[in-house]
Structure formats: structure tokens, C-alpha cells
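Chain naming here is simple, since letters A, B, ... match the order of the sequence lines and numbering starts at 1 in each.
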Number of protein chains: 6
Amino acid sequence: MIKDKKMLVVSAHAADYVWRSGGTIAKYIKEGAEVHVVVLSYGIRGESNDLWKQEGATEASVKAIRKGETEAAAKILGIEHLEFWDLTDYPMHFTSEHEARLVKKIREVQPDIIITHDRFDILNPDHNAVSDLVFRCSVMSNSNGVKIDGTKTTKQMRLFGFEPHQTELSNYKPDSFMDITDVYDCKIEAMKCFKAQSHLIEYYTQRAFMRGNHARRLSGNQTYKYAESFANYFPVVGPELY
Amino acid sequence: MIKDKKMLVVSAHAADYVWRSGGTIAKYIKEGAEVHVVVLSYGIRGESNDLWKQEGATEASVKAIRKGETEAAAKILGIEHLEFWDLTDYPMHFTSEHEARLVKKIREVQPDIIITHDRFDILNPDHNAVSDLVFRCSVMSNSNGVKIDGTKTTKQMRLFGFEPHQTELSNYKPDSFMDITDVYDCKIEAMKCFKAQSHLIEYYTQRAFMRGNHARRLSGNQTYKYAESFANYFPVVGPELY
Amino acid sequence: MIKDKKMLVVSAHAADYVWRSGGTIAKYIKEGAEVHVVVLSYGIRGESNDLWKQEGATEASVKAIRKGETEAAAKILGIEHLEFWDLTDYPMHFTSEHEARLVKKIREVQPDIIITHDRFDILNPDHNAVSDLVFRCSVMSNSNGVKIDGTKTTKQMRLFGFEPHQTELSNYKPDSFMDITDVYDCKIEAMKCFKAQSHLIEYYTQRAFMRGNHARRLSGNQTYKYAESFANYFPVVGPELY
Amino acid sequence: MIKDKKMLVVSAHAADYVWRSGGTIAKYIKEGAEVHVVVLSYGIRGESNDLWKQEGATEASVKAIRKGETEAAAKILGIEHLEFWDLTDYPMHFTSEHEARLVKKIREVQPDIIITHDRFDILNPDHNAVSDLVFRCSVMSNSNGVKIDGTKTTKQMRLFGFEPHQTELSNYKPDSFMDITDVYDCKIEAMKCFKAQSHLIEYYTQRAFMRGNHARRLSGNQTYKYAESFANYFPVVGPELY
Amino acid sequence: MIKDKKMLVVSAHAADYVWRSGGTIAKYIKEGAEVHVVVLSYGIRGESNDLWKQEGATEASVKAIRKGETEAAAKILGIEHLEFWDLTDYPMHFTSEHEARLVKKIREVQPDIIITHDRFDILNPDHNAVSDLVFRCSVMSNSNGVKIDGTKTTKQMRLFGFEPHQTELSNYKPDSFMDITDVYDCKIEAMKCFKAQSHLIEYYTQRAFMRGNHARRLSGNQTYKYAESFANYFPVVGPELY
Amino acid sequence: MIKDKKMLVVSAHAADYVWRSGGTIAKYIKEGAEVHVVVLSYGIRGESNDLWKQEGATEASVKAIRKGETEAAAKILGIEHLEFWDLTDYPMHFTSEHEARLVKKIREVQPDIIITHDRFDILNPDHNAVSDLVFRCSVMSNSNGVKIDGTKTTKQMRLFGFEPHQTELSNYKPDSFMDITDVYDCKIEAMKCFKAQSHLIEYYTQRAFMRGNHARRLSGNQTYKYAESFANYFPVVGPELY
């Protein structure tokens, strides 16, 4: 049951969460979940190559474009809780202050599900640093000996990792396929907000088709047309076999 | 929803399915599923060491005891569909006839779920041979070009692998934890049917406690007291993230 | 230098080699290589689901369609040396006769390169059986103690594995990306011969786009638009670092 | 084609690059490549055990000997671009300043190939730290959003990892074998500069013989007498299958 | 021969070493070894959940309880050399000062064996940080170029990793099983000192039974009733095959 | 304690056991163990390339030479119990008769240790087939339900795997290093019996030097000059940590 679930998405750069989990977010919101998205950086050093090619580009101009695009995409997906931490990217190095801030955030949201980068991305050291940070902070958040004023210890939540760009080289295994058929159009619209990255739009449009093919093949359910996949940080636990 | 699900369990030797999935079977039956169990061998060569130590033991006497114990355990678990193929064990080598027979069985049952041995057991070559056989037959069963009189092609079902005896050395990863708290007593009773194997009864009683501990830790759900774990042959596919 | 190279492709089912290496084959032929293709089965049991859905389908009719489509595709790719062994598929079990026949074939062709299925396909036991067979026969072929009348021992050739359908679950790692940009249209035409499998045509069309994206990203060479990837059975050896 | 290629070699300690890539460097230079070597530390804490056993050894004396030996070896290999960063070793911890400096270096050289330590060395934490640093900096260097005065963004280059000392325990897989037969004598001479380490000279002399044996066996090319092996950070991409 | 061996145990939190190596420690001491234990933190933030639930718990009160329990357990095991570093846990971040301190400690003890956390614990980032630290410091300790006043370079010692709590998910492989049958009662008594953690006492009591079962099965030696298992950081080296 | 240990070595081809375990065998015999060697094939198809190059070579002549060389090597190593099964190699396929014969052999010898090929050799399918066979037969031999006239069930013995020729590509991890320093000359003499294979003699002479280097480095014991390494099929179990 998606309804009333709380989800926290932590994205290293501005667009990561849209390419990799836009459909899942849209679906969760549509079904009544509360979704929070934290965008750690605008990705202006590492993920804005095309914007820097525009004449007269400055750090401020690139940042403004990335912010605008991300907000537009979030709106299309139905996200009401979006925040930007505006950290430096390429590289990302985290301190105790970042840890405390993220633990606080997790405890405020009290998520049932956290989605972030998977443990290893062969092409992107920032993604690995964020994966480490989020996991470490989830552990701290769950521990009632870690005292932060005004916060309440969380219960162990589920953690899921995004598909990296080149999956096989990143040792990525899809553990969970999420049907996004009925929010597919919404994801496509959201991706189109990132105007300078037409190749990625095509790439992730095809990815939804490919994962839909896999979802049908693995489940025998022919209604799955489009899907997103995720790695599970932990096994599935429940009252039946899914 | 467990109700009306169909499950097929394929067990290399007589007691394997009880130690490793007795709780899950009992739970599925209790909740209204239809469960079929195929016991490929009585395990008289490889898994009856203690019975052979009894004075005057013969192949017939060992087989009779194993059959009786298995039927008693099945009854306790609520299994109505139990069949013995009485194959030789230690080693198991399968032929095209075995393949055809198992494909036929799978098509008769039309299972939503198949549970059998996981892909690698470091200590037991029979378990590996059965894992290969069941997987190969599931693929054949799903293909409408494989024609067997009077059978109907299956839809892709879910496949799960038992925990092997020594998990780490067998590269076993638990992908799914199944809560068996409210059928735990039933599983214990079923295991006690195998009178000559008191050490295994203790071993798998403790395993349920250990997996219950893990299930709580991984899910934050404190109602899980006892659990069984399984490896997923395939990822989870569905309309939400489990 | 592709010119004058000899390549042998061994395909479990009729269309496997087109989806997975059609572009590479077309490119090698275009550049002056001699390419031989052995199709072990028509795939009538395991890979003709759509054809069996046609009213009145018989083994003979399905086989005839598969043969016709495969020959048409081969012609488009420029293949002059195509042979069908017409073995049973789903499952494939090989005997000493098959081994001797394939060793003979390898020795006749004296290939510089063999392309066949990679070592593990999670969904298709036939592919795994063929991978084992081809590798074993390549070893036998290279050994001058394995005497087969009228044949000449081969030199160690290069071996490459096809991408399986679901790469990550099959532990597939792409070791080599082959640029197929200038034969892309030819591959698309060849795939279209398999009329009943429109979903696979779309699937492998997108795959060429995706691997092209990867090829550019991994090499910095922006001229690569479309690519196929392969696993290397052995490391690369040579007078420079590729 | 080696001619006119640019290569950058990054070595944690003074002699690492000689043992592990001396032949490749000599070959590239001989064939007309431009090779730059950065030696991050003299290895006076971690890789100068024998020198410290000499009576009266001081940090300055050990450093002077290491520097002299390294320069002598570089000269024999034909290296014209050698620089020492004189960092502390055992352990190595890198800061943002080191990152910026290395990105700058990479952009100055604009290498086609970077050779450095492979991702995991079970015996040497410094090697792992350097591998991380070099990879991270190559990613930064390629990104046009990472602004460093007077530098020009690089194109994605090829990255190769050295063989660690104990390969199997370090999960090392040789992906590329490089024939060094015609510069073998030169490598031997270069290694002999490190007078206090006669056991390593013997060790890496034998290694060249062993890798030559492997190179012949894997390629069928009997002219390969001596070889060095490397791990590929990324797959091979090109217009043919190597 | 255990007698006169020197062992150093490094424990991230107060009770880790008791759950995971209490039997081995007791056995080594009983047989005449000299055992030193370093407890890096009291685990008051991350491993004292139950204590924080007590009314009026403060950092000082929790620390006092943990210290008392640990000292009591150590006494039962026969440990004469126990020291507390009182570092912060959850998370643990180590500096050069910690490295120097631990190198000094290792050189003072001159251990034949170091036992600490294994390389990967999926649930506990502190354990991973300690594993890294201890390994790095062991390398530094062995190197005679790492100068620390008043210390003497160590010889390469054996390193062993604790079983993590959830072994399979942590990629843990037991490489060594240690028979603890005749000190089993002592381990149980020591564990009982941690009064607030009755579930862990039961958990590790059962673990000793399970590993005893494995030890018998893997060795054929029926005298092994209870055991602890460890991962080997390095292979076994010796004058026979163990 | 080696004295009075019983060891069974199973070798796919005539010379395998000499290259890979000749030192260990010699050491065990020297120290008072009883060593039995089973040579499954003369390797005339797969491992006699050089002999077939001799003018007029026939199956009988090659077999005679291989037998003579193997017997000579065995004599030098001190082996008193050597038997040849004279099976076909390249490829090896085993039947139930081979299984029964090997189980019988194992039960006759009642070995404490079995040494044979490791689980995976990337270059040699025969080695993999033998590894499977020996392991399966060891399991059968230990089971008292497997009845073979005149034989007595074995106790679980230790199993070790040979180093394959190309270790890293075969996923080989050395788990045990065996010091062969004081029988090194004997191993060299034994290897020299295989006159047509001078390259392998040099290869395995260097391997002993390399493994000696590793043994010293991993143990700190400087007396180890030459060594052989093996993979452990099972963990080490015992009354101390080795």
C-alpha cells in the first residue's frame, strides 16, 4: 500500500532523481504518498557540460538554469517538498556538519523509504560519496543514542539505490522493478525540462521501455509497459513472498 | 495476497522442504494457498546417516521410515498434495524423461511460486543438480513451443531458493525474509517427525530465531519473531517498492 | 585490421546472432573479413512463441518461417557462409558427436575470432550450454593431440560473448564495444526480417543507441553513434594498449 | 598506433612505475609517444626497508638515494618528463590541494592514456589511495565545469591499472597484455638501478617471463617472449574487436 | 601452539569483542597466550539503545554502565590487558593521531595475531572504519621507515576478522573455525554481563552452537561442540596443510 | 603433524600433480605421510603437444613416453602408490562407473587430505570436470548410505585445489601456502623428467620462487624460500588460529 507512505529522495546533482526515479516518485505521489526530495548540489561543475558551452555562461547563470529546470520538473512530478543544499560538486567531500544536517532531515521526514544513489557508480565519484553519506546517516538516524535536539529517532526504513548510467560496469543488479506505466507521460514531461540534455532524455525514455520489457519477462504480467529499476540495500521482509 | 496463490515445492530429499520452508508452506496453506510438494528422493543414500546406524537397517526399512516421517510432517504442515518420485540420490543425475515429467508437473500445477534449492550448495551436489533441473524445466514449461500432450503453457512464475545448510560458504544471500511467527509451533512439530535427526531440529529451530532477529533488524517491524529466508531467482516486480 | 580476418559465429537459435552481433558481422564483411555462421537450432521450441500463436502452426511451418527469416537476414548482412544444424532446442544437450562436428567446423574455418553466447544467461539455459560447448571445442581444436581426419589444428583464436537479454542479472560485463555506426541501417534491415518479433526489433534498436552512448562516454570519441558490446573470454594481447 | 600518443603515469612511490610498467613506458617512448611520469612520494617510510637497514640512514639520505635511483631508471627507459611531488607515504591522505594539482597536471599533459595503481592492492593502502585520487581527478579533468585557470578540459582518456605485488589476493584481473619483448633488456637495466632491492628485480624479471608465457598462450602469437599486464578501468572501444 | 603467543584484539564498541571472539580469547589465555584488548569506544551512541531507554539515562550514566559491564566480562575471560580509548562512535572518523596511537600500541604488544572487525559489515559503518584503520596501522607498524620514538618495527602478524551480525549480507566468509568447546561456559558467563542485551546473548549462544555444527561437518571431528568463526585477512602459510 | 597422515592426489593428466603439488607431496612423504596418486589420463590428446611434433609419433608412443616420465617423476618424489586409469582426455566426460571407482579408491585410502584441481580453470575444461568428479565422490564416500562392497565410509577429509596455469583469470585465490624449501631440489629434479616441456619446467621453477616470496611477505617468516599454494575447498577448523 503506497498511500500514506513517506519517501525521502536524496539526489547528488539536480537532475539525478528525475532520470532515475521520476516515475516512481510520480506514482507514489499519485497514490497518496508524501515525498521529500533533497538536491545536494546543482551539479554546476560536473553535470552541466552543455550549459557551460553557452556563450557567457557564469556560475550564477548555470546555477539559475539548473534550479529553474529542477523546480519545473519537480512540479510536473507533483513534488511539494523540494530543497536545495547548494553544495559543491566534482568532487563532493562531506563533513560532520553534513552528517548532522542529513540525520536531522531524515528524522524530520521519518521516511518509510529512502531512495538515493546505489553503492557503486563506476563513472561518478560524487554518487558514491552520496551513497556512503546517506547510508551512514540512516544508521545514525535510527540509533537513539545519537542525540540531536528536537528530533525523534527513526525506525529502520527501506533503502533503494538508483540505476547508475552504465549499469554493468557499476556492478549494478536490479533487485526491484517498479511499474510506472500510468505515470510514464508525466516522467517524460518532467525530463523535458532539462532542455540542454536531449540525449539523456532519449536515453532514459528508452530505459523505461527496456525495464518495462524486463518487468514483463520476469513477472509474466503483460500490463507492465514501462518501469524503473532499483537496487535493494537490504532484503525484502514481509508476511508473504513478493 | 497469499489467498488462492498456487505454490510448487521441489525437494531433493525427503526432509529438505521441512527444514527450509516448512513455516512458509504452513503459512501459505493457512492463508488459503494451494501448495504442492514433490519429493524427488527419500534421501536414503545421502541423508539418512543416522538411520543406517540402526541395527538391521535395509534399503527398504530406511525408505519406509523416511516416507512415514515425511508424510507425518506434511500432514502437520497441512500439505494435501505430496508426491514421491523415489529417485536415487547421492548422486542425482537427470535425464530427458525427468525433464518431461517435471515440466508436465509444473504445467499441471500452474504455480505462481516455485520453491526449490538455491543455485549453489557447497556441501551437497544433489541440491545443485535439482536447482538446475527445476530452473531448466520452469523455462521449458513457460515456452509454448515445448509441446506436451494435455498440458497448457505456464506464465512466468516466481522462483525462490532454499537456504543451504552452510550459507556463507554456498554464496547464499537472503533476498526475502518470510515472517513465520504465527505458524512457528506448527513448523517445530513437523520437524520433530524426523526423530533420528535431533541435531537438525535444534539447528533449524535456532535458524528461525536468527532469521526472526534479522527480519526485525532489517524492517524495523518488532512483531516478527521467527522467519525463514530465501534467495530470489529473479528480482521483485510490482506496483510498489516492497 | 579487419581485412582478411576470419570469423566464426555460433548461434544457439536462429535469430540470436542477428540481434546481438548483426552490426559487427556486417562491418567485418564490409571491411573484407570472411564470416561463417553456424545456427545450431531454428529455435522452434524456445524462441518462436509468436509463431506458435498463429493458427494452424506446425513444427514444419514454424521451422520453414524461421529458416526463411534467418536466410533473409543473413543475406542483408552479407553473410555467404551460413549453415543450419537443425538441433532440438529447449533444452539443448550435446554429445561427443556434436563436439567432434564443431571441432571439425572450427578447424575448417581456422577463425581468428569466434563469437558465441557468453558464459551465463540467467534466462536461457540453451545459451549456457552452447557457450560451454563452443569453448570446450575451441580448446580441443587448438590441441594437436585431438586427431580428426582431414583437419588441421588451429591457433588460439579470440573468443567473444554476446550480450544476453537481461545483462545485469546475467553477470554480463561489456569488455569490448564495437562501433557499428556505418552499418547500422543494415542491421536494422536485417532485424526486420523477423516479422513476428517487433518488440525485439525495438529492443535491439534501442540497445545500439544505448551502447553508442556508452562508447562515446568511455572513449571520448564522438563519432560513435551506434555500437554493440561483447564480453571477452580472454584478455586483450598486443603490441600496444587498446 | 603508439606514435604521438600521450601517456601519463602516476606512481605512489619512487620505484612502482618501473617494476610494473617500465617495459610499456620504454616501448611507448621508443615508438614515438610522449610519456610523463609523476612520482608522488619517494617511498621513504613504506618502501625503503632495505635502505633504513644501512648504518646511519637518515630521512635525507634515504630520500637522496631513492631520488637518484629513480632518475637513473627513468633515464634508461627514455623518460624525459619526470617529476617528484615528495609527499609523505605510509599512509597517504590526499586533500583538495592535491586534487587541484593533479587535475592541472592531467590537463597540461592531455593524455590519451593514464597508467596508475589498480583499484585494490591487499598489501598497500597507499596504492589504493592513489588509485582513488587519480580516478577522481581524471573525472574532474574531463568536466568543463571544473574551472582551473589556464587549463583546458580533457577528453576521456584510457585508464590502466598496474599489477599489484600479490595479484590474486588483490582481486586483480589482467585485462590487457602488452608485449615488451624488444625493450625487455632496457627494463631489466632500469630495474637494476634499485640496488638495495635485488629480490624485487628477480621477482619482476620472472614476472615478465610469466606474462610472456600467458601472452603467447592467450593469443597464439609465439613472438611474444616478455610482457606486462594491466587491468582496464574501462572497456575497450573501437572500430574492430581486439 | 597457542602458548606464549601474543594477541591484540581491537573492538569498535565495548561489547563487540565479547560476542564475536570471547571464546577464542578465553581459550588463548587459558593455554598461556598474552592477550591485549583495545576498546575504541563505549558505544554509547550506537550500541546502547536499551540503556538509553532507561529513565534518566545520561551520557555519563550510559558510559559508566558500559564500562562496568565490559570490565566484568573481560575479567571472566581472563583478560589482564584491557584499555579504553573512549572515542565517539556513530560515526567513527579517524585522524593521523589515532593512526600514530594505534601503530604505537601494535608495536608495544608485538602481536602474533590481531583480531578486529572484518572488511565489510553491511549494518555498521563504524566496524568498517575500524577494519580500515587497524589494517592500515598494521602495515605501518611493520614498516621500519615509519619512525615512532621508543617503538620497534613489528614482524608481519596474522590478521583475523570478526563475524558481523548479518553474515551473508556482509559478504562474510568464515575461513577459520576455532574450537571453543572447553571455554564455552566462560564465554556464556562473560556475555551475561551485558544485562540489557538479552537478545544478543541468546543470539551469540546459538551462534556458538551453529558454528560448532559447521566445525564438525567440515572437519569430521565430532569433539567440536561449540566454535567461533573468523575471516582471514591473509592466507594461511606454514610447514603443512591445515 | 604430517607424520602418518594419508593423502590422495587426483591428477587429470600425467604431469599436473608434479607441476602443482610435487613439492608438497615430497615434503609429506619425507615427513612420514602415506601418499597415493591417481593419474586419470596420460594427457595424450590435450597435454602432449610437443610429443606429437616428434616424427612418427603414435598414440602408443606418446602414451609410453608420458607413462615413463610420470613414473620417473613419481619415483624422485618418493611416491610408492601411483596408479594410471588411462582415460581419454580432451574432453573428459565421467560416468557412474567412474564415480563408483573413485569412491572405492577414496574409501580404500581413507585420506586425511585430498588434493586435486581447483573448481575453475579458465583454460582447461578437463580440470573442471575432474574437480567436480572428485568433490562429488568425496561427498559420496563420506555418506554411509552409499554402499559399495568391501568399503568403509570415510570421515570428512580436507580438500585442496591446485593452482591453475593462469591463476587470476581462473578466479584462483591461494588460501594455503605450503613451505617446500627443503624439498625444492627434489621437485626440480622431478619436473625435469618431462623433457619435452622445458618451458613449463622454467615456469613452475619460477612459481616456487614467487610463492616463496609471497609466503615470507604474508607470514613474516624469512626461512620460507620456496612454496606451493593451494585453494581450500573448505575453511580451516582447529584448536587454534593458523
Side-chain angles (χ1 to χ4, degrees), chain D residues 19-20 46-47 49-50 53 118-124 127 161-177 188 191 197-232, chain F residues 19-20 46-47 49-50 53 118-124 127 161-177 188 191 197-232:
Chain D
W19 310 124
R20 295 177 169 93
E47 313 226 325
N49 276 352
D50 294 323
K53 288 178 189 158
D118 195 29
R119 293 179 186 274
F120 179 58
D121 185 328
I122 195 179
L123 295 171
N124 198 311
H127 293 175
F162 293 141
E163 276 200 30
H165 188 74
Q166 296 205 20
T167 56
E168 303 97 347
L169 302 177
S170 299
N171 305 332
Y172 175 78
K173 296 272 178 199
D175 294 306
S176 294
F177 284 78
I188 301 299
M191 292 198 294
Q197 298 172 286
S198 59
H199 251 72
L200 281 177
I201 297 170
E202 179 66 10
Y203 187 88
Y204 283 101
T205 298
Q206 292 191 4
R207 191 58 64 106
F209 172 89
M210 180 179 92
R211 294 304 183 193
N213 175 299
H214 294 178
R216 287 192 302 282
R217 176 66 187 79
L218 294 169
S219 70
N221 185 328
Q222 300 303 317
T223 69
Y224 299 150
K225 284 207 170 49
Y226 302 103
E228 285 172 350
S229 90
F230 298 91
N232 296 7
Chain F
W19 311 124
R20 296 178 169 90
E47 314 226 325
N49 276 352
D50 294 324
K53 288 177 190 159
D118 196 27
R119 292 178 187 275
F120 179 57
D121 185 329
I122 195 179
L123 295 171
N124 199 311
H127 293 176
F162 293 140
E163 276 201 31
H165 188 76
Q166 296 206 19
T167 56
E168 303 97 347
L169 302 178
S170 300
N171 305 330
Y172 175 79
K173 296 273 178 197
D175 294 306
S176 294
F177 284 79
I188 301 299
M191 292 198 295
Q197 297 172 285
S198 59
H199 251 72
L200 281 177
I201 296 171
E202 179 66 10
Y203 187 88
Y204 283 101
T205 298
Q206 292 191 4
R207 190 59 64 106
F209 172 90
M210 180 179 94
R211 295 304 183 192
N213 176 299
H214 295 179
R216 287 193 302 282
R217 177 66 188 77
L218 294 169
S219 71
N221 184 328
Q222 301 302 317
T223 70
Y224 299 151
K225 284 207 171 52
Y226 303 102
E228 285 172 348
S229 90
F230 298 91
N232 295 7

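To the nearest 0.5 Å, atoms CZ (F:Arg216) and NE2 (D:His199) are separated by 4.5 Å. Residue F:Gln206 holds its CD atom at 9.0 Å from CE of D:Met210, rounded to the nearest 0.5 Å. Going from atom CD of D:Glu168 over to atom CG of F:Asp175 covers 11.0 Å, rounded to the nearest 0.5 Å.
Under a cut-off of 6.0 angstrom, the local environment of NZ in F:Lys225 is sparse, with at most 12 non-hydrogen atoms contributed by other residues, nucleotides or ligands.
At least one side-chain heavy atom of D:Leu218 sits under 4.5 Å from a side-chain heavy atom of F:Gln166. Inter-residue side-chain proximity for F:Glu202 and D:Asn213 is flagged as unmet; no heavy-atom pair is nearer than 4.5 Å.
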